[in-house]
Amino acid sequence: MRKLHEVLRDWEAVIGLEVHTELTALETKMFCNCRLSHTDEPNTNVCPVCLGMPGALPVPNEQAIRSIVMAGLATNCQIQRRSMFYRKHYFYPDMAKNFQTTQGPVAFCMHGHLALEVTGEGAAERPTCADTAADGSLLERAADGSYTVPVRILRIHMEEDAAKMVHVGGKEGRIGGASESYLDYNRCGTPLIELVTEPDLRTPEEARRFMEKLRETFLTLGISDCSLESGSMRCDGNVSLRRRGEVRMGTKTEMKNLNSFKSLHDALAYEICRQAEVLERGGAIRQETRHWEPSGKRTVVMRVKETNDDYRFFPDPDLAPFDLSDEFVEECRARIPELPDAKRARYQASFGLKRKDAAQIAGDPAVAKAFEEAVAGADAQLAGMVANVTVNLAPSCVALTPSQVRGISELLAEDAITFAQAREVLEAIDGTDEDPARVVDARGMRQSTDADALGALVDEVLVRCEAQVQQYRAGNTKVIGYLVGQCMKAARGTGNPKLFNKLLVERLES
Ligand code: ADP
Ligand code: MG
Ligand code: ZN
């Protein structure tokens, strides 16, 4: 198969995502009062409603409706004042009542959009010959190739999750091949929101960035733990190809089992190359659902697509149409916290952070909260160091408090310790409430920043290392490393290497 970047020069990939998010932050299920829990014994959180007993009546969860309206407002959707629940019929043991309660043509949230930024290496995946967005507008690229595209959201609707099935023995994931299959109805009836994008994405990287952005947004709203790994956030990737310049869309395939950002990217990249090969051979793409096999790095056919007619959709007679009041929608709007983009911009403006660091911190509400506590009242230099520690050192720790992050950042900003020493200190205090400065002093790590005392050492070293001094002056400036090392040795490791470097250069170039 040809490489992705070659294929994308000849073919335009058209990608749309369907993203399911379990509202794990809620206490109870969508239509009954059963507890939501991922960890309870199987089949302990069940009742006549979620077990589909005949005659049991559903009662919608108001908090779930609040959550979906917040998700819709955060993604610029129009909140529909009137919408309905529908029945989507199918026969399978994971839904005992034989239909899933979902929404019809009008969902709570319709016609939204998000501005998607693609920065860094991933921006190069989109060939520059494709610098037009789905709405026809021209993309503007920054000097490093970064760009922003609008991605339209068709809808976000409310539905319920099915029971979890566990297949034992035989072929994984297939009832027919397994020797035993188990059902856990604890998950049945879990409130789920499904977001469907318009087919506006053009590269696997854009799809991955979109999914990341959605996850950051929903995490910040506090409506779900958004774990791709555990399946509380799941994504199906739809993709088709068309020749560059062609307007009509090609036949799409739908990818399942994309349970990491890498899988989402790699499955789409594989499928784009596979489709190109079929089309270039003169073959046709079959509309089908395919399963990504991360180990084999390929997609395989799961089933040929069922059509909507098979589901016999109709309005659920047990659930009255919903009329949302303006007050309700405004109340939801008032609950929306500062979203990641706004947070990122604020960090850049008020603390002078680099865009990448600011985005990384703003993307995770727990990290952002700790950062804001650690950075309170700091000047620009210290704030930059707090960001540096947050992005580069803290992630390898288990439990650092904001005040420990602040303490370490201050020591670094004062040049009292090096980055290597900061790592050692963090290892010692991780998970405790130790003050980093105390550990630094107790271990005799604090480095002298006394320019006079260090200067005397530097002068000694320069006398002793005449050969290197001559080499430096002859243009071999790399020997500075050796000289810094000699100074560190003379100071028994308590001198600051950055300061030594500065003092050496001052003397060597005078
Ligand atoms: P289905 O009925 O097969 O589920 P939908 O029309 O509901 O298809 O679309 C599902 C997803 O697939 C949406 O995200 C949509 O943007 C995307 N999509 C639709 N048609 C195409 C196509 N030809 N190529 C790529 N993606 C598509
Ligand atoms: Mg669909
Ligand atoms: Zn129940």
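Every number for a ligand or one of its atoms is a count from 1 in the order of the listing.
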- Message: If the cut-off is 4.0 Å to any non-hydrogen atom of Leu17, which atoms of ligand 1 fall inside it?
- Response: 14 (O)

- Decide, yes or no, whether a salt bridge links Arg209 with Glu212 under the criterion of side-chain N to carboxylate O below 4.0 Å.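 Judged by the 4.0 Å cut-off on N to carboxylate O distance, Arg209 and Glu212 do form a salt bridge.
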
- Task: Considering the heavy atoms of Met249, write down every atom of ligand 1 situated less than 4.0 Å from one of them.
- Result: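 Those of ligand 1 that fall under 4.0 Å from Met249 are 20 (N), 22 (C), 23 (N).
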
- Message: Would Pro199 count as being in polar contact with ligand 1, using the rule that some N or O on each side must be under 3.5 angstrom apart?
- Response: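 For ligand 1, there is an N or O atom that lies under 3.5 Å from one belonging to Pro199.
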
- Note on the structure: ligand 1 atoms nearer than 4.0 angstrom to some heavy atom of Val196 are 13 (C), 14 (O)

- Item | Polar side chain donor-acceptor pair, Glu18 to His20, under 3.5 angstrom |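 No, no side-chain donor-acceptor pair sits under 3.5 Å.
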
- At a 4.0 Å threshold, what atoms of ligand 1 neighbour a non-hydrogen atom of Thr197? 13 (C), 14 (O), 15 (C), 16 (O)

- Item | Distance filter under 4.0 Å to Gly250 heavy atoms, resulting ligand 1 atoms |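 Checking each atom against Gly250, I get 23 (N).
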
- Query: Less than 3.5 Å between some nitrogen or oxygen of Thr251 and one of ligand 1, yes or no?
  - Reply: no

- Query: Does Glu331 come within less than 4.0 Å of Arg333, counting only side-chain N to carboxylate O?
  - Reply: no

- Item | Lys/Arg-Asp/Glu bridge criterion (N-O < 4.0 Å) met for Glu160, Lys97 |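 Answer for the salt bridge query: yes.
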
- Message: For the residue pair Lys88 and Phe313, would you count it as a cation-pi contact if the rule is NZ or CZ under 6.0 angstrom from the ring centre and within 45 degrees of the ring axis?
- Response: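 That pair does not qualify as a cation-pi contact.
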
- For Glu198, take its heavy atoms, then give the atoms of ligand 1 lying under 4.0 Å from any of them.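 Ligand 1 atoms under the 4.0 Å threshold to Glu198: 16 (O).
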
- Message: Suppose we call two aromatic rings close when their centres sit under 6.0 Å apart. Are Phe314 and His89 close by that rule?
- Response: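 Centroid separation for Phe314 and His89: below 6.0 Å.
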
- Message: Any N/O/S atom from Cys50 (main chain or side chain) under 2.8 Å of the Zn ion (ligand 3)?
- Response: yes

- Query: Cation over ring, Arg242 on Trp11, under 6.0 Å and within 45°?
  - Reply: no

- Under the 6.0 Å and 45° cation-pi test, does Arg87 pair with Phe99? yes

- Message: On a heavy-atom basis, I'd like to know which of Ile15, Asn238, Leu195 is closest to atom 11 (C) of ligand 1.
- Response: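 The option holding the nearest heavy atom is Asn238.
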
- Item | Angle at the Zn ion (ligand 3) (to 10°), with one arm to SG of Cys47 and the other to SG of Cys34 |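 The angle at the Zn ion (ligand 3) comes to 100°, rounded to the nearest 10°.
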
- Query: Does Ser240 reach ligand 1 with a nitrogen or oxygen that is under 3.5 Å from one of the ligand's nitrogen or oxygen atoms?
  - Reply: yes

- Query: Are Arg126 and Glu205 within salt-bridge range, i.e. N to O under 4.0 Å?
  - Reply: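 So Arg126 does not pair with Glu205 through a salt bridge.
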
- Query: Taking only heavy atoms of Val14, which atoms of ligand 1 are found under 4.0 Å from at least one of them?
  - Reply: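 What qualifies from ligand 1 is 24 (N), 25 (C), 26 (N).
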
